[in-house]
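Quick caveat, the model's predicted, so the values are computed rather than measured.
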Amino acid sequence: MAGFQFKQFNIEQDRCAMKVGTDGVLLGSWCDTTDVKNVLDIGCGTGLIALMVAQRTKEGTKITGIEIDKDAAEQAQENADNSPWNEDVTIVPVKMQDYCPTEEFDLIVSNPPFFTNALKASDAKRTAARHNDSLSVEDIVHFAKKHLSSTGRLAVVLPCEEAKRLIFESIACGLYQKRTTWIKTTARKEPKRVLVEISRQKTDCPIEDTLVLSNGNNNEKTEQFIDLVKDFYLHY
C-alpha cells in the first residue's frame with residue numbers, strides 16, 4: 001500500500017494494521033499543544049499523531065509513541081526518522097500496561113481501539129488495533145492519572161458511548177472534563193465520534209462544541225473542517 005503524503009511529512013503504512021484515517025488527523029489537529037514539552041501517544045500506530053504534534057510544537061519537544069505491535073512500531077519509527085523531527089520523536093514497542101516512564105507528560109494523546117464485544121477481525125494485528133481487549137478507556141484514564149504533569153492534559157478521539165465511559169471514569173479518578181467536540185459527518189446526522197480533553201485542573205465552564213465534516217454536497221468538506229486540518233492535508 002502506498003504511503004500517505006502530508007504537507008511536511010510522509011506516512012508509510014504497509015506494515016501497520018490500522019491505516020491513516022480521519023479520526024487520527026482530527027485528534028492531531030485538535031489537541032491542545034500549548035506549552036507542552038513532553039508528549040506521549042498511546043497506541044501510536046503509524047506515528048501519525050505523534051508527527052502531527054511534532055509539527056505543531058517547538059523544536060526539542062520530546063514526543064514518545066508507544067505501540068503494542070512490533071511491526072507497526074518499527075514502521076512508525078522509520079516514519080519519524082524520515083521526518084523533520086527525527087531527533088524529537090521516539091517510538092517504543094511496548095504495551096501501555098508494561099510501560100513505566102520516569103517522566104511526567106504535559107500531553108497524552110490516543111486514538112485507541114474501541115470495539116467492545118464486537119465480532120473480531122480475522123487478522124490478528126487488525127483485531128488488536130481495533131478492539132479494546134488489550135487497551136480500555138479505563139486503562140487509559142488510570143495511566144493518565146498516574147503520569148500526567150500537574151498541568152497535564154489527556155486528549156482522545158472515541159465513539160460516543162466510549163467517550164461517555166472515559167468521562168465517567170475520569171471524574172471518578174479526580175480528573176476534569178475540559179473540552180468536548182462532537183463530530184458529525186453532516187449537520188443532520190447524529191455524532192459518531194467525540195474529541196475529549198481531560199485535565200488535572202478543574203475548569204469552571206468546560207468547552208463543548210460540534211464539528212461538521214461535510215456539507216452533504218458530493219462530500220464537500222466544510223470550512224470548519226478545512227480550517228482545522230489545512231496545515232496537514234496537501235489539497236487544502
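- For K230, the salt bridge (charged side-chain N to carboxylate O under 4.0 Å, His left out) partners at least two apart in sequence or on another chain are D227.
- A donor-acceptor pair is defined here as one N or O able to donate and one able to accept, closer than 3.5 Å; no such pair exists between the side chain of K178 and the backbone of S199.
- The backbone N or O of N38 sits less than 3.5 Å from a side-chain atom of D106, completing a donor-acceptor pair.
- Looking only at distances, a side-chain donor or acceptor of S214 sits under 3.5 Å from a matching main-chain atom of G216.
- Annotation for K221: atom NZ counts as buried by contact number, over 12 foreign heavy atoms lying within 6.0 Å.
- For E190, the CD atom sits in a loose shell: 12 or fewer heavy atoms of surrounding residues, nucleotides or ligands are nearer than 6.0 Å.
- Taking the six-membered ring where tryptophan is involved, the planes of F9 and F232 are perpendicular, since the angle between them exceeds 60° and thus also 30°.
- Side-chain contact between R193 and C160: absent, with no pair of heavy atoms (C-beta onward) separated by less than 4.5 Å.
- More than 12 heavy-atom neighbours from other residues, nucleotides or ligands sit within 6.0 angstrom of OH on Y236.
- In this structure, N82 CG and N10 CG are separated by 8.0 Å, a value rounded to the nearest 0.5 Å.
- Minimum heavy-atom separation, Q177 to T203: O-CB, 4.3 Å.
- I68 approaches K95 most closely through the heavy-atom pair CD1-CG, 4.1 Å.
- For R179 and D32, the salt-bridge test fails: no basic side-chain N is under 4.0 Å from an acidic carboxylate O.
- Residue D41 comes nearest to C44 through the heavy atom pair OD2-CB, 3.3 Å, listed as atom of the first residue, atom of the second, then distance.
- Under the rule for a side-chain contact (heavy atoms from CB on, under 4.5 Å), the partners of A155 that lie at least two apart in sequence or sit in another chain are L27, W30, C31, L107, V109.
- Summarising the local packing, NZ of K192 is surrounded by 12 or fewer heavy atoms from other residues, nucleotides or ligands at distances under 6.0 Å.
- For residues 74-91, every residue pair satisfying the salt bridge (charged side-chain N to carboxylate O under 4.0 Å, His left out) rule, not counting sequence neighbours, is listed here: R15-E78.
- Considering only residues two or more places apart in sequence or on other chains, Y99 meets the side-chain contact (heavy atoms from CB on, under 4.5 Å) condition with L40, T64, I66, V94, P101, F105, F143.
- Between the side chain of Q224 and the backbone N or O of T210, at least one donor-acceptor pair lies under 3.5 Å.
- Residues satisfying the side-chain contact (heavy atoms from CB on, under 4.5 Å) test with Q8, not counting sequence neighbours, are Q55, W85.
- Annotation: D98, atom CG; neighbour count of heavy atoms from other residues, nucleotides and ligands within 6.0 Å is above 12.
- Scanning all heavy atoms of the two residues, the minimum distance from G43 to E67 falls at C-OE1, 3.5 Å.
- With sequence neighbours excluded, no residue forms a salt bridge (charged side-chain N to carboxylate O under 4.0 Å, His left out) with R200.
- The distance from atom CG of L211 to atom NZ of K184, rounded to the nearest 0.5 Å, is 11.0 Å.
- In this structure, G28 and I49 approach most closely via the heavy-atom pair CA-CG2, 4.1 Å.
- Shortest non-hydrogen contact noted between A80 and L51 is CA-CD2, 4.0 Å.
- One hydrophobic cluster, built from ILVMFWY side chains closer than 4.5 Å, cannot hold both L195 and F168; they sit in different ones.
- Checked by atom type and distance alone, the side chain of Q13 never pairs as donor or acceptor with a backbone atom of T46 at under 3.5 Å.
- When each of N111, V25, V196 is tested with V157 by the rule side-chain contact (heavy atoms from CB on, under 4.5 Å), just one qualifies, namely N111.
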